[in-house]
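Here's the structure we're looking at; comments come further down.
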Protein chains: 2
Amino acid sequence: MTWIEKARKALSNGSVIVLAGRCIIHYEGRAASKLGEGERLVIIKKDRSILVHRPTGHEPVNWQPKKSKIEFGEEDDAKIIRATRGNELLKIYFLEEPEVVVFDLLDDAEFEMYASEAEMKEAVLLEPNLVEDGFTPFQEERRAGRVGRVDVFGIDREGKLTVVELKRKSANEEDVNQLRRYLEVLGQEFGRKPRAILAAPSVTRTAASLLKTSGIDFKCLTPKTCMEVLRKKRGLDFHV
Amino acid sequence: MTWIEKARKALSNGSVIVLAGRCIIHYEGRAASKLGEGERLVIIKKDRSILVHRPTGHEPVNWQPKKSKIEFGEEDDAKIIRATRGNELLKIYFLEEPEVVVFDLLDDAEFEMYASEAEMKEAVLLEPNLVEDGFTPFQEERRAGRVGRVDVFGIDREGKLTVVELKRKSANEEDVNQLRRYLEVLGQEFGRKPRAILAAPSVTRTAASLLKTSGIDFKCLTPKTCMEVLRKKRGLDFHV
DNA sequence: ACTTTTATTTCGCCG
DNA sequence: CGGCGAAGTAAAAGT
């Protein structure tokens with residue numbers, strides 16, 4: 001089987017292709033670049049994204065994002081890969097037949113960035129000042145009726161019952177509405193609505209105005225900060 | 001040879017290693033991340049940078065930049081790669097022995113972004129106003145004695161003999177000194193020193209003051225601008 | 001060595 | 001779809 005047949009078959013199979021060999025590379029699109037003769041790795045993924053990696057440097061020297069049009073061909077002695085996307089062209093000339101390695105990869109896992117919300121909660125329980133000076137959380141979990149779970153429940157410096165909602169990403173309108181539903185349930189349970197704090201890295205503009213009209217406070221809290229606290233409190237050992 | 005022996009040998013040889021297999025990935029450092037079971041490609045380059053690529057998405061899901069400490073090991077049944085850099089840790093657990101493919105890649109080529117100096121010259125000859133309004137270059141090449149080749153030679157709007165030196169990067173003191181040597185040679189050849197223009201994207205502070213004392217003019221000219229001119233003049237066809 | 005700027009940035013969210 | 005901001009940004013350029 002020729003390198004072209006192998007590559008085409010792998011691409012239609014949804015495999016990941018790694019090609020290695022001496023090549024010259026041209027890119028022209030938003031910018032333009034040339035890379036003279038040298039040996040590189042070319043990686044073509046199943047979403048038809050393509051990467052050219054030199055033997056050093058963590059970033060690809062050239063690339064094309066997913067949904068590129070990938071074509072294999074030959075001109076004279078050169079083995080050619082063309083990857084086009086809109087008016088952007090990446091062209092790889094292999095001076096000899098490249099080594100072609102095909103990988104069949106299945107990967108459905110979810111990627112979790114930073115601390116999870118669970119770890120943000122752990123950080124707040126270890127260091128409640130992250131939320132507000134003088135805040136004292138209850139350590140046990142608390143349910144808000146059947147609506148859902150309250151992230152952190154406690155008492156602020158003035159002794160007022162306080163609910164804290166944690167978000168890993170920028171809080172949007174929906175997040176604030178969810179918190180408001182919790183507050184209604186808790187208000188019925190306790191006779192009066194508790195104080196509420198939304199702790200998140202940021203809020204969207206619409207969420208911010210909804211917070212204001214709802215009388216909910218906002219505290220800027222990032223997963224990164226939480227992680228640093230966890231590390232300090234738990235020591236520097238990586239619990240992995 | 002076990003996968004570890006293979007990988008260690010390849011790394012000490014300065015080869016590029018591609019590993020493929022079912023794995024779990026943990027990262028902890030400036031931030032933290034977890035990635036559950038799935039099949040991925042791991043690429044270790046000879047500068048000891050490491051990339052983890054899922055079968056889709058043009059960006060690595062996890063990585064570590066060059067000069068990381070790369071360690072291979074086994075714990076129970078898991079095959080492990082640890083990549084540490086400062087207080088950042090990337091840990092890859094292969095659930096089965098990974099497929100290991102080793103590539104010996106030599107690559108000394110220079111990466112040229114946008115236009116090369118030759119193409120900048122071509123652009124200036126096609127569109128002399130890039131250097132200065134009313135500038136008229138001679139099309140033929142010109143040597144500056146045995147010191148070197150003059151980039152562009154011509155006559156400015158006042159009819160004054162003018163030498164243009166092109167640089168694709170920020171011009172430094174050395175570049176200005178080289179131009180001054182050309183000017184001396186040309187001055188002897190023509191009886192008086194021609195006017196000189198240094199055209200480059202920018203100049204360093206020291207080079208700028210040397211330009212001033214040398215009476216050499218500076219024109220900001222980027223390879224990008226030249227590329228756009230070339231494209232406009234030559235048409236949109238990719239001449240690759 | 002440190003700081004600032006750039007990028008074919010990419011990625012996410014908002015309007 | 002354009003615009004704005006953040007990124008484990010990384011890498012280059014200037015100081």
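A, B, ... follow the sequence lines: proteins, then strands. Residue 1 opens every chain.
- Among residues at least two apart or in separate chains, side chain to side chain donor-acceptor pair (under 3.5 Å) pairs with a member in residues 209-222 of chain A are A:Arg180-A:Ser214, A:Arg195-A:Asp217, A:Thr222-A:Thr225.
- Note on B:Gln64: a base of the nucleic acid sits closer than 4.0 angstrom, heavy atoms only.
- Spacing between atom CG of B:Asn62 and atom P of D:dT9 amounts to 14 Å, rounded to whole angstrom units.
- Counting only N and O atoms by type, the side chains of B:Trp63 and A:Glu59 include no donor and acceptor under 3.5 Å apart.
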A correct dot-bracket answer for DNA chain D, with pairs being Watson-Crick or G-U at under 3.5 Å, [ ] for crossing pairs and | for inter-strand pairs, is |||||||.|||||||

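- Nucleotides D:dC4 and D:dG8, compared at atom P, are 22 Å apart to the nearest Å.
- Summarising the geometry, the separation between CD on A:Glu112 and P on D:dG8 is reported as 15 Å, rounded to the nearest angstrom.
- Residues B:Tyr114 and B:Glu119 have side chains that never bring a donor and an acceptor to within less than 3.5 angstrom of each other.
- For DNA chain D, none of the residues of residues 39-59 of chain B falls under the heavy-atom distance limit of 4.0 Å.
- At least one donor-acceptor pair closer than 3.5 Å links the side chain of A:Lys45 to the backbone N or O of B:Gly57.
- For C:dT8, neither phosphate oxygen OP1 nor OP2 lies less than 4.0 angstrom from any side-chain nitrogen or oxygen of A:Arg85.
- Residue-to-nucleotide proximity on DNA chain D shows that, of B:Thr206 and A:Phe111, the 5′-proximal contact is made by A:Phe111.
- Taking every heavy atom of both residues into account, B:Cys220 and B:Pro201 meet most closely at SG-O, 3.4 Å.
- Screening B:Ile17, B:Ile43, B:Ile92 against B:Ile50 for a side chain to side chain contact (heavy atoms under 4.5 Å, CB included) leaves a single residue, B:Ile92.
- Taking only side-chain atoms of B:Tyr114, from C-beta outward, the nucleotide of C:dT10, D:dG8, C:dA7 with the closest atom is C:dA7.
- In terms of position along DNA chain C, the nucleotide closest to A:Ala32 lies nearer the 5' end than the nucleotide closest to the other residue of the pair A:Ala171 and A:Ala32.
- No side-chain donor from either of A:Tyr27 and A:Gln64 sits under 3.5 Å from a side-chain acceptor of the other.
- Contact between the side-chain N/O atoms of A:Trp63 and the OP1/OP2 oxygens of C:dT9 is not found at any separation under 4.0 Å.
- Residue whose closest nucleotide on DNA chain D sits further toward the 5' end, between B:Lys66 and B:Leu90: B:Leu90.
- Comparing the same atom, C1', in C:dT10 and in C:dT6 gives a spacing of 14 Å after rounding to whole Å.
- Of the possible polar contacts, none joining the A:Lys121 side chain to the A:Val152 backbone as a donor-acceptor pair under 3.5 Å is found.
- Exactly one residue among B:Val164, B:Asn129, B:Leu166 makes a side chain to side chain contact (heavy atoms under 4.5 Å, CB included) with B:Val124. That residue is B:Leu166.
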